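The block underneath contains the structure these notes are about, expressed in structure tokens.
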Amino acid sequence: MKTDFLKKFISFSLTFVFIFLLSFESIATISSSDQQKIDEYEKKQEELQDKIDAAQVEIDKLKENIADKEEYASQLAVQIDNYQAQIDVLNEGIAELEAQKSVIQEKIDELDSEIAKIEADIKQNEEDKALTEDEIANVYLELQDRLREIYVNGATSELELLLDLDQSNDFSNYLIIMELSQLRAKKDEEMIQSLNENIRKLDLLTAEYNLMIDEIEVKREEHQVQVDELNVKENEIVVSKSKLVDSQDELVTLQEEAYAYIRELDAESAAYEKLVASYEADIKAFENKIDEIINGASKGNADIASKPGGFIWPLQYSDVYISSSYGYRYDPISGVYKLHGGTDTCCWSGTMGKAVRAAASGTVIISTYHSAYGYYVGVDHGDGIVTIYAHNSSLNVSVGQSVQQGDIVAYAGSTGYSTGAHCHFEVRLNGTKVNPTGYASLP
Ligand SMILES: [Zn+2]
């Protein structure tokens, strides 16, 4: 218990107390109020770290959720596009079918008028035929009468008259009778001729009638074919339209699903952003606290040369080289032109896990994780001089610990804002970042 207390006393975290002690150059016992402040600070730091860790877990979960939903929403978008394409194809198909249907309808209309015309012709033909048949019947009846007359009288009455006249020797009457007889004969001949003509006419009309009946039959068959085709097209249109309705329904369902996902996504993104903001605020608070520690470090004449043994480079390897100098540069991650506050060095033989050593003796004031610096160590060397060693893979000292020049404070790595294993070495004189190569040389 007593050793613990002494350890804590020697290696304790807040520098201002240390400086306060140093300024008296005495190994006095720590006051209970200072101890309380240290405890409070450490407790706060732990609480903050816990909060940050919890927020990070929540953020990772949300990020995963959002990624899943985005993935699903993009799958839905693909499906929606597919349905849209199907709908377009169906609409095109329906338009094509409608066009075909109207062509067929035109043909049907044309056939209808042709059929109507033929029907009128047939009707006319039938009327003509009926008239001709009547005429034939009339002439035929007349001829029958004539034949009956000849038959009943045994001979023509003109012949009888002629025979009678022979006896009277009246030749003038004979001539009249001859004329009469000729007239009779002519009338009979005309009747026969008319009968023949009408029969021929009837034959022609009948032939014409039969042709028209055949033609109308053909037209009616064609008409039926077209009507059947029209029905087929209409059925196809009905099927396509019902498919269209199905596709549109499916599309609406998918769109609603996608909108629901997007709304969820928005809600989760908002929650995510809120958490990230609170996380960033926590980190900022933490980092401000660290800045406070650095700012609260020793103040003085900041004369490194006056330090015994001067300063040594943290990477004590013969193959060390500068990978990025102190000064203004385009940030390798953000691309922003800004001050690079330290010097980055690497080893040709590999930097990961290489020992990072204290540049001079001092007290560890920081040994923690930082979003930008990664695992890093801050050492207060007194007289306003602080050195920082960042992006380590692991830490080898704790806050409050005294270190001698060359002690291993950490092992190099690539944590925090880093693109590869290196040691970021920073020198602050009374809080201002200066070029480390002005104070220490590479081995
Ligand atoms: Zn750096």
Side-chain angles (χ1 to χ4, degrees), residues 46-96 239-288 324 329-338 351-353 368-376 390-394 413-422 424:
E46 272 169 28
E47 279 171 6
L48 204 51
Q49 195 57 54
D50 286 349
K51 251 176 91 183
I52 287 166
D53 290 348
Q56 190 59 58
V57 167
E58 200 59 30
I59 284 166
D60 289 348
K61 251 194 274 169
L62 277 172
K63 258 167 121 177
E64 223 172 277
N65 266 350
I66 288 168
D68 285 351
K69 288 211 164 74
E70 274 173 350
E71 168 70 22
Y72 193 68
S74 69
Q75 279 174 11
L76 283 176
V78 168
Q79 283 182 38
I80 287 168
D81 285 351
N82 284 344
Y83 274 104
Q84 196 57 62
Q86 271 181 35
I87 287 168
D88 290 348
V89 167
L90 282 170
N91 272 325
E92 273 170 34
I94 288 168
E96 178 63 28
V239 169
S240 288
K241 277 186 175 166
S242 100
K243 274 188 198 163
L244 185 70
V245 166
D246 288 350
S247 287
Q248 277 167 338
D249 286 351
E250 193 62 33
L251 185 73
V252 167
T253 306
L254 283 173
Q255 274 171 339
E256 277 167 3
E257 205 181 326
Y259 291 149
Y261 259 85
I262 288 164
R263 278 195 295 276
E264 273 180 46
L265 204 61
D266 284 348
E268 288 200 3
S269 294
Y272 171 75
E273 276 164 23
K274 213 176 142 190
L275 254 178
V276 167
S278 86
Y279 172 73
E280 279 169 355
D282 287 347
I283 288 172
K284 192 81 202 132
F286 186 47
E287 288 171 1
N288 284 345
S324 183
R329 64 166 187 183
Y330 289 100
D331 187 276
I333 294 178
S334 68
V336 175
Y337 189 72
K338 64 177 190 184
T351 315
M352 185 62 79
T368 188
Y369 184 82
H370 184 281
S371 62
Y373 282 147
Y375 287 109
Y376 81 122
H391 308 303
N392 302 295
S393 57
S394 65
S414 185
T415 55
Y417 228 53
S418 168
T419 55
H422 71 281
H424 171 97

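Remember, predicted model here, so these are calculated numbers, not experimental data.
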### Query
If you measure from CD1 on I262 to CD on E257, what distance do you get to the nearest 0.5 Å?
11.0 Å

### Query
Between atom NZ of K63 and atom CD of E268, what is the distance when rounded to the nearest 0.5 Å?
14.0 Å

### Query
Can you check whether N392's main-chain N or O pairs, donor with acceptor, with T415's side chain at less than 3.5 Å?
yes

### Query
Quick one: are Q84 and D88 in side-chain contact, heavy atoms under 4.5 Å?
yes

Can you give each donor-acceptor pair under 3.5 Å made by side-chain atoms of residues 247-256, sequence neighbours left out, with the distance rounded to 0.1 Å?
from: S247; atom 1: OG; to: Q86; atom 2: OE1; distance (Å): 3.4
from: S247; atom 1: OG; to: K243; atom 2: O; distance (Å): 3.3
from: T253; atom 1: OG1; to: D249; atom 2: O; distance (Å): 2.8

### Message
In terms of relative ring orientation, are Y330 and Y337 parallel, tilted or perpendicular, with 30° and 60° separating the classes?
### Response
tilted

#### Entry: G413 versus M352, closest heavy-atom pair with distance
CA-SD, 3.6 Å

#### Entry: Aromatic ring pairing H391/H424, orientation class (parallel under 30°, perpendicular over 60°, tilted between)
perpendicular

#### Entry: side-chain contact (heavy atoms from CB on, under 4.5 Å) partners for N91, two or more places apart
I87, L244

### Query
Mind checking what makes ring-ring contact (aromatic ring centres under 6.0 Å, His included) contact with Y259, not counting sequence neighbours?
none

### Task
Enter the distance from D266:CG to I66:CD1 here, rounded to the nearest 0.5 Å.
9.5 Å

### Separation between OH of Y83 and CG of D246, rounded to the nearest 0.5 Å
9.0 Å

### Task
For I94 and S240, work out which heavy atoms get closest and say how close.
CG1-CB, 3.5 Å

#### Entry: Candidate pair Q75 and E71, rule side chain to side chain donor-acceptor pair (under 3.5 Å), full reasoning
CA-CA 6 Å; Q75 279 174 11; E71 168 70 22; 3.1 Å; yes

